[in-house]
Amino acid sequence: MLPLLAAIPSPFRFVFGFLPPFWVGEIAGLSDGAVLTAGVSLFLALACHGLYVIYFFALLGKHGWQN
């Protein structure tokens, strides 16, 4: 459902840019008013996903495996 947020026909749709699935919809071209090129969208998608992965690995390292 979250990639469909990219289909909002307004530049304000980038408010949802902190959500990684948003960029999947942006790269898929769900918006008819594309402001960013596919390369820029791909870079931002990889950066957003990478930041989430780094955050969760840091969180896992801080708390460790708890039973």
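Counting begins at 1 with the first residue of the sequence.
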From L51 CG over to L46 CG, what is the distance, rounded to the nearest 0.5 angstrom?
11.0 Å

Given 3.5 Å as the limit, does a donor-acceptor pair link the side chain of W23 with the main chain of S41, or not?
no

Under the 3.5 angstrom rule, does the side chain of Y52 hit a backbone N or O of L19 as a donor-acceptor pair?
no

What's the shortest heavy-atom distance between C48 and G17, and which atoms?
SG-O, 3.7 Å

Using the rule that Ile, Leu, Val, Met, Phe, Trp and Tyr join whenever any side-chain heavy atoms are under 4.5 Å apart, tell me whether [X] and [Y] fall into a single cluster.
| X | Y | answer |
| --- | --- | --- |
| L5 | V24 | no |
| I8 | V15 | no |
| V40 | F18 | yes |

Please work out whether the ring planes of F16 and F22 are parallel, tilted or perpendicular, with thresholds of 30° and 60°.
tilted

